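See below for the structure under consideration.
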Amino acid sequence: FSGIVVMNFFNEAFGNAARSIVGNGHLIKKIYLPRELFPVSSLWVAVVHFIPQLAVLLVACLLFGWRPGPLHIAAIVCGFVLIGLFSLGLGLLFTTANVFFRDAENIVDLIAMVATWASPVLYLWTMVRDATAEAGVPWVVDLYLTNPLTVAVELFHYGFWVPTTDHHGAWTVPPHLFSVWT
């Protein structure tokens with residue numbers, strides 16, 4: 001559930017930011033406003049929509065005995081900031097492309113759809129590690145773990161899921177996730 005919440009935030013922030021300039025073209029032509037204002041405001045709208053989802057997640061975690069430590073809270077904040085900055089950056093890139101090439105909007109929808117499956121939202125990251133090792137291409141898991149969405153989802157898992165359950169070794173931290181703090 002924590003992975004779904006963070007991916008909903010990314011998909012909304014990225015999609016809305018990528019469509020913001022074209023969607024507000026009439027306003028941009030009438031008065032001068034900094035163009036970056038529109039993707040940034042789309043990010044803030046996504047944050048407002050993220051808050052109720054986060055509230056439901058917090059209630060569910062509290063009902064199941066969520067006892068986070070300072071590192072868990074820091075992981076949640078880092079994951080949120082990472083998703084916000086990444087979606088804003090991609091949104092700024094694709095909103096520019098969307099002005100010149102209207103088909104870029106279709107690419108945004110494709111990226112949003114693939115991003116959900118290319119991140120460990122509905123599966124463990126260790127499944128990718130094991131499958132790539134078995135296939136003889138262990139470098140693919142390194143590429144997979146460089147995805148900022150994968151890192152943010154794992155930070156949310158660490159912040160919400162780990163302090164809630166006794167996971168008995170089913171979930172492990174990716175090797176690079178906390179290398180700065182260890």
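Remember, it's a predicted structure, so these values are computed and weren't measured experimentally. In what follows, every heavy atom counts, from backbone to side chain, and hydrogens, waters and symmetry copies are set aside. Residue numbers count from 1 along this sequence.
How far NE2 of His72 is from NE2 of His157: 13.5 Å, rounded to the nearest 0.5 Å. Here the CG atom belonging to Leu145 is positioned 5.5 Å from the CH2 atom belonging to Trp125, to the nearest 0.5 angstrom. Separating the OG atom in Ser2 from the CD atom in Glu154 is a distance of 9.0 Å, to the nearest 0.5 Å. Note that CD1 of Ile76 and CG of Leu57 are 8.0 Å apart. Values are rounded to the nearest 0.5 Å. Distance check, rounded to the nearest 0.5 Å: CZ of Phe14 to CG of Asp109 gives 9.0 Å. Asn98 contributes atom CG, which lies 9.5 Å from atom CD1 of Ile107 (distance to the nearest 0.5 angstrom).
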Self-check item: Residues Val6, Leu155; criterion side chain to side chain contact (heavy atoms under 4.5 Å, CB included); working and verdict
Solution: CA-CA 10 Å; Val6 78; Leu155 287 170; over 6 Å; no

Practice problem: Could you walk me through whether Phe64 and Leu62 pass side chain to side chain contact (heavy atoms under 4.5 Å, CB included), step by step? | Solution: CA-CA 5 Å; Phe64 284 97; Leu62 287 171; over 6 Å; no

Quiz prompt | Residue pair Val5, Phe160: steps toward the side chain to side chain contact (heavy atoms under 4.5 Å, CB included) verdict | solution = CA-CA 11 Å; Val5 168; Phe160 287 109; over 6 Å; no

Exercise. Start with the C-alpha distance between Asp142 and Thr146, add both sets of side-chain angles, then the distance that settles side chain to side chain contact (heavy atoms under 4.5 Å, CB included), and finish with yes or no.
Key: CA-CA 6 Å; Asp142 295 330; Thr146 60; 5.7 Å; no

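When side chains are defined from C-beta on, Leu54 does not count as touching Phe9, because their heavy atoms never get closer than 4.5 Å. Within the 4.5 Å cutoff, the side chain of Glu12 has heavy atoms near those of the Val45 side chain.
Taken together through direct or relayed side-chain contacts under 4.5 Å among Ile, Leu, Val, Met, Phe, Trp and Tyr, Phe86 and Trp44 form part of one hydrophobic cluster. Linking Ile, Leu, Val, Met, Phe, Trp and Tyr residues whenever their side-chain heavy atoms come within less than 4.5 Å leaves Leu82 and Phe10 in two separate clusters. The cluster map of Ile, Leu, Val, Met, Phe, Trp and Tyr, joined by side-chain heavy atoms under 4.5 Å apart, puts Leu37 and Leu85 in different clusters. Grouping the Ile, Leu, Val, Met, Phe, Trp and Tyr side chains by contacts below 4.5 angstrom, directly or via other members, places Phe80 with Val56. Both Leu149 and Leu88 belong to a common hydrophobic cluster when Ile, Leu, Val, Met, Phe, Trp and Tyr are linked at side-chain heavy-atom distances under 4.5 angstrom.
Within 6.0 Å of the CZ atom in Phe1, the count of heavy atoms belonging to other residues, nucleotides or ligands exceeds 12.
Panel note: side chain Thr95, backbone Leu92; no donor-acceptor pair is recorded below 3.5 Å. Here the side chain of Tyr123 pairs a donor or acceptor atom with the backbone of Trp117 at under 3.5 angstrom. Remark: the backbone N or O of Arg129 is paired with a side-chain donor or acceptor of Thr132 at under 3.5 angstrom. Remark: side-chain polar atoms of Trp161 are not paired, donor with acceptor, to backbone N or O of Cys61 under 3.5 angstrom.
In this structure, Ala152 and Gly79 approach most closely via the heavy-atom pair CB-O, 3.8 Å. When all heavy atoms of Thr150 and Pro120 are compared, the pair lying nearest together is CG2-CD, 3.6 Å. For Tyr144 against Ala118, the heavy-atom pair with the smallest separation is CE1-O, 3.1 Å. Considering every non-hydrogen atom in both Ser119 and Val153, the closest pair reads CB-CG2, 4.3 Å. Shortest non-hydrogen contact noted between Gln53 and His49 is NE2-O, 3.5 Å. Val121 and Gly3 get closest at one heavy-atom pair: CG1-C, 3.7 Å.
Relative ring orientation between Phe50 and Phe156 is described as perpendicular, the plane-to-plane angle rising above 60° on a 0-90° scale split at 30° and 60°.
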